[in-house]
Number of protein chains: 2
Amino acid sequence: MDMTRHSRSNLAGVLRQHGINPTHQRIEIARALFARFEHLSADQILALVNEGHPETSRATVYNTLNLFVQRGLIREVIVDPSKVFYDPNTQPHYHIYDVRTGRLADIDADSVRVTGLPDLPPGMVTEGVDIILRVRSAAPESEAAVQGAA
Amino acid sequence: MDMTRHSRSNLAGVLRQHGINPTHQRIEIARALFARFEHLSADQILALVNEGHPETSRATVYNTLNLFVQRGLIREVIVDPSKVFYDPNTQPHYHIYDVRTGRLADIDADSVRVTGLPDLPPGMVTEGVDIILRVRSAAPESEAAVQGAA
DNA sequence: ATGCGAATTAGACACAGTCCAATTGCTGGA
DNA sequence: TCCAGCAATTGGACTGTGTCTAATTCGCAT
């Protein structure tokens with residue numbers, strides 16, 4: 001019996017707790033996210049789950065990730081216009097994003113305080129507050145690729 | 001001579017101040033954004049600029065918006081995984097986003113205070129801080145479309 | 001074994017955004 | 001006025017992410 005922290009049996013339990021029928025594919029997808037505990041794109045997850053011999057289709061990966069998000073098992077992180085990242089950490093926290101490298105890291109929510117956010121219009125509810133600190137290396141970027149005017 | 005606030009001649013001046021050669025197409029694109037002073041997607045801008053008789057291609061709209069962003073004339077707002085919004089307001093401010101309707105509105109930065117953000121790794125520079133307040137109507141959403149497990 | 005609903009699948013599709021080679025159009029000389 | 005040169009624009013092909021659909025397979029209870 002595999003008793004590592006993110007064993008299949010443990011993950012099956014977690015899925016059930018979220019009202020998700022734990023199939024083989026769903027467990028493997030959950031494992032890709034929770035074993036690494038990193039921000040991954042759908043594409044990366046598809047590749048991870050299928051290394052060795054392919055066993056999960058692209059449609060299933062997308063279906064499953066959307067299901068996990070709906071059930072509150074994981075979070076979407078929208079920082080890059082070209083792809084969504086999936087975040088196994090559902091604790092309140094924020095993100096720091098390197099716009100050059102695409103690297104995404106967590107900022108613990110405990111230390112951060114936000115005040116002065118406006119009252120919501122009546123009948124509105126907060127889904128969440130995203131804070132994204134966009135950073136880059138101070139070294140001047142090569143301007144070669146900039147399509148110029150002037 | 002048209003002296004309204006966002007007349008072509010005024011806009012041409014603004015473009016020049018940002019080192020952008022003010023061509024006809026660029027002025028019309030700037031006008032779509034600055035006259036309305038709203039968050040618009042590339043698609044919406046393409047449609048606005050070409051209502052009446054078409055005069056600007058899709059490639060030019062994308063080229064121009066990217067150029068405006070590089071030159072600091074407008075900002076990108078990344079809140080929706082499916083498309084980028086362009087924001088003519090470059091003053092520091094944050095956003096409130098209705099996840100159901102896709103409606104995007106500004107939050108004035110003056111009233112908001114954020115403390116406790118971590119120090120940056122050495123050699124890193126902040127590009128910007130995005131705060132997105134994700135909200136929805138409190139009315140329970142129809143669950144009809146939810147692909148279920150359980 | 002069989003039947004049945006749920007899950008998965010391949011592949012077509014939709015759509016935002018990029019790329020490229022060809023054309024257009026402006027500007028500044030001669 | 002004509003022309004050369006260069007920037008801007010263009011259509012259309014292309015890429016990549018994500019969705020949809022109809023058909024198949026899986027797992028389970030009987």
query: Looking at residues 51-59 of chain A, who's got a heavy atom less than 4.0 Å off DNA chain D?
result: A:R58, A:A59

- request: Give the minimum heavy-atom separation between B:A138 and A:V125, together with the two atoms involved.
  value: CB-CG2, 3.3 Å

Atom pair distance, as rounded to whole Å: CD in A:Q44 and P in D:dG16: 15 Å

- request: Check whether any side-chain nitrogen or oxygen of B:Q25 sits under 4.0 Å from OP1 or OP2 of D:dT10, and answer yes or no.
  value: yes

- prompt: To the nearest Å, how far apart are A:E28 CD and C:dA7 P?
  reply: 17 Å

- prompt: Within a strict 4.5 Å, meaning less than it, do heavy atoms of the B:V114 and B:V129 side chains meet?
  reply: no

message: Let me spell it out: for each of A:S41 and B:V61, pick the nucleotide of DNA chain D with the closest heavy atom. Which residue's pick is nearer the 5' end?
response: B:V61

query: Looking across every strand, which nucleic acid part, if any, lies under 4.0 Å from A:D80 by heavy atom: base, sugar-phosphate, or nothing?
result: nothing

query: How far apart are the closest heavy atoms of A:E28 and A:E55, and which atoms are they?
result: CG-OE2, 4.1 Å

- request: Kindly point out which of C:dG17, D:dT17, D:dA7 is positioned nearest to the side chain of A:D43?
  value: D:dT17

field: Separation of C:dA16 P from B:L65 CG (nearest whole Å)
entry: 14 Å

message: Without decimals, in angstroms, what is the distance between B:F85 CZ and C:dA16 C1'?
response: 12 Å

N/O (side chain, A:Y62) to phosphate O (OP1/OP2, D:dG18) under 4.0 Å: yes

- request: Would you indicate whether the side-chain heavy atoms of B:L33 and B:L65 approach each other to under 4.5 Å?
  value: yes

- request: Whole angstrom is fine here: how far is it from CD in B:E76 over to C1' in C:dA16?
  value: 13 Å

message: Whether the side chain of A:D106 engages the backbone of A:D108 through a donor-acceptor N/O pair (distance < 3.5 Å, no angle test) should be reported.
response: no

- request: Please tell me which of the listed nucleotides, C:dA7, C:dG17, D:dT17, lies nearest to the side chain of A:K83?
  value: D:dT17

task: Using only side-chain N and O atoms of A:T60, determine if any of them is under 4.0 Å from OP1 or OP2 of C:dT9.
output: yes

task: Report yes if at least one side-chain N or O of A:S82 is closer than 4.0 Å to OP1 or OP2 of C:dA16; otherwise report no.
output: no

message: Using whole Å, what does the distance between atom P of nucleotide D:dT25 and atom NE2 of A:H24 come to?
response: 17 Å

- line: In whole angstroms, the gap separating P of C:dT24 from CG of B:N21 amounts to 20 Å

- prompt: Does a donor on one side chain sit under 3.5 Å from an acceptor on the other, for B:S82 and B:D80?
  reply: yes

query: Has A:N63 got a side-chain N or O lying under 4.0 Å from the OP1 or OP2 atom of C:dA7?
result: no

- line: B:L40 atom CG is separated from C:dG17 atom C1', nearest whole Å, by 17 Å

- prompt: Does the side chain of A:I132 reach to within under 4.5 Å of the side chain of A:V77, using non-hydrogen atoms?
  reply: no

field: Any B:N66 side-chain nitrogen or oxygen under 4.0 Å from OP1 or OP2 of C:dT18
entry: yes

task: For the residue pair B:Y94 and B:L133, establish whether any side-chain heavy-atom pair is separated by less than 4.5 Å.
output: no

